[in-house]
Amino acid sequence: MTDIFSQLAYYFQYDIVRYALIVGVLIALCSSLLGVTLVLKRFSFIGDGLSHVAFGAMAVAGVTGLTNNMIIVMPVTVGCAVLLLATGRNTKIKGDAAVAMISVGALAFGYLIMNKFPTSGNVSGDVCTSLFGSYSILSLSTETVIICTVLSIIVVALFVIFYNKIFAVTFDESFARATGTRAGVYNLIIAVIIAVIIVLGMNFVGSLLISALIIFPALSAMRVFKSFRSVTVCSACLSVVCTALGIVISLLAKTPVGATIVAVDILAFGVFSLIGAIKGRG
Amino acid sequence: MAQLTCENLSLGYEGKSIVQNLSFTVNAGDYLCIVGENGSGKSTLMKTILGLLKPMEGSVTTGDGLAAREIGYLPQQTVVQRDFPASVREVVMSGFQGSCGLRPFYTRAEKRRAEENMEKMGITDLADRCYRELSGGQQQRALLARALCATKKMLLLDEPVAGLDPMVTSEMYALIKSLNREGITIIMISHDVDAALKFATHILHIGDEIFFGTRQKFTQTRMGMGFSTLRGLKK
Ligand SMILES: Nc1ncnc2c1ncn2[C@@H]1O[C@H](COP(=O)(O)OP(=O)(O)O)[C@@H](O)[C@H]1O
Ligand SMILES: [Mg+2]
């Protein structure tokens, strides 16, 4: 036991480890906030699609040799979010089909580019990193840390400001529209926030695992809590705790950080399901 | 000037019209019942009045101090997903969203009004319960309280008693009538012509034959007589 603590103390004397923990927790906080909306508003497929788009954009950004991928990845992903929302609403191609087309296309295109214009000798390693996140969070650059922190704070602020509107639009869009809420605008804001969260999370847990980070805390909280506010608060806390735990475990056990966090999230989901079942019967 | 004026409305979806040439007015304090066959376009009319749907022709205008977004609305069925976590209070409060504009939070006055409206609907003790765990009648009351938060002047109700048992139905009708007595204009879609004839001041029948007029006039028409004789036979 003391061994573990001394090992942790050893790690945490480095700034980079502490920063990684802070960034991880902030991203976890952001990603959990819109989980309920994503799950209940049929936006989850958009979330999934967007993460693949972000993968494609990441590949393109890699080729351009920019120091920071986000300059390209962020606008592309946000743009796609807006596009998907618009097509999902009123075209002949059904929303889900449009998402499938864009997301699979982006995956193929991204992989193609990564192979044709390799940025390092280890293409499959790069692909793996984009899909499943960095093996260790310690590879985050200082610049990324700063950008992630700023964006996370903006996302949380936006969520708080639009909390009541997000609830109204998620719960009953027609009513909201009929009584003068500009539902279209708020749907757009939700989609943009989701896109930003996905790009943030990509740096951290990779494009395939980010959906888990968004959805699991909300699903867990919904097992036990029944009001929108309590579910939101619970999923935010849960996500922060699971992520911090996952980061620590990945440091100690030398496991890939993204997968470890998701594993902890799944474990929490099991526990919450059990609590929910017991509460439901009692 | 009337609170609501519909002129030469043609309603429909994607270029296919369902109802043509519909004109009627609703004045403050009226209780208008919209009756008609299933699929005759009652809900479509409701959505058009609310601005959720554009009329194919004609116009819907509000007046007499009523703004278009000040209309409260009880949807035909709110398909709330099975898992949606929302307390009754949260649902009721969301009725204020339209009047919030860009303001992010609810004011104290709004919170007080929400409590009053829940009290009026007799759901104060359900305020912290989960909305989707309520009975059908309780859910309708919660949605009615929400609609009251969105308006002080006019309520649109789309088959508010569908799926409720007879006891709860008559309670619901009494509740709606009491709101009307307080001065709120009611526009209610109903299957139940009995109830329409009992409570409404005006009737709008849509379908093959369009009728708009007072309840008394309606009972004198062929349609109205048909319903009255049917009622007579049942008794
Ligand atoms: N979203 C829609 N798109 C196309 N047609 C619709 C839509 N909703 C309803 N309809 C059609 O419009 C007609 C009127 O429907 P509705 O207004 O719901 O009838 P009511 O409420 O009187 O039972 C029906 O024939 C229905 O099939
Ligand atoms: Mg209908």
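Residue numbers begin at 1 in each chain, while the letters A, B, ... track the order of the sequences. Excluded from the calculations below are hydrogen atoms, water molecules and symmetry mates; all remaining heavy atoms, backbone and side chain alike, are included.
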Distance (rounded to the nearest 0.5 Å) between B:Ile49 CD1 and B:Leu9 CG: 8.0 Å
Which of B:Met93, B:Glu90, B:Arg129 touches chain A most, by non-hydrogen pairs under 4.5 Å: B:Glu90
Donor-acceptor pair between B:Ser135 and B:Gln138 side chains, under 3.5 angstrom: yes
Which portion of A:Val169 sits near chain B, non-hydrogen atoms under 4.5 angstrom: neither
Rounded distance [0.5 Å steps], CD1 in B:Ile187 versus CG in B:Leu4: 5.0 Å
Ring centers of A:Phe171, A:Phe228 separated by less than 6.0 Å: no
Region of A:Phe162 that comes under 4.5 Å of a non-hydrogen atom in chain B: neither
Structural part of B:Arg103 lying under 4.5 Å from a heavy atom of chain A: backbone
Option in B:Gly101, B:Ala67, B:Ala68 with maximal non-hydrogen atom pairs under 4.5 Å from chain A: B:Gly101
Nearest-0.5 Å distance, CD1 of residue A:Ile215 to OG of residue A:Ser235: 12.0 Å
Which atoms of B:Leu52 approach chain A - backbone, side chain, both or neither, heavy atom under 4.5 Å: side chain
Chain A contact via B:Glu133 - which portion, at a heavy-atom distance below 4.5 Å: side chain
Chain A contact via B:Phe96 - which portion, at a heavy-atom distance below 4.5 Å: neither
Residue pair B:Val88 / B:Ile123, side-chain heavy-atom distance below 4.5 Å: yes
Face-on cation placement of A:Lys279 at A:Phe225 ring, 6.0 Å and 45° thresholds: yes
Contact class of A:Arg229 relative to chain B, heavy atoms under 4.5 angstrom: both
Residue pair B:Ser43 / B:Gln76, side-chain donor-acceptor N/O under 3.5 Å: yes
Under 4.5 Å from a heavy atom of chain B, the part of A:Ala178 involved: both
Atom group of B:Val91 that falls short of 4.5 Å from chain A, counting heavy atoms: both
Options B:Ser99, B:Gly95, B:Ala86, B:Ala150, ranked by heavy-atom pairs under 4.5 Å with chain A, top entry: B:Ala86
Choice from A:Ile161, A:Thr179, A:Val36 maximising heavy atom contacts with chain B below 4.5 Å: A:Thr179
From B:Phe84 atom CZ to A:Thr170 atom OG1, the distance as rounded to the nearest 0.5 Å: 5.5 Å
B:Leu102 portion near chain A, given a 4.5 angstrom heavy-atom threshold: both
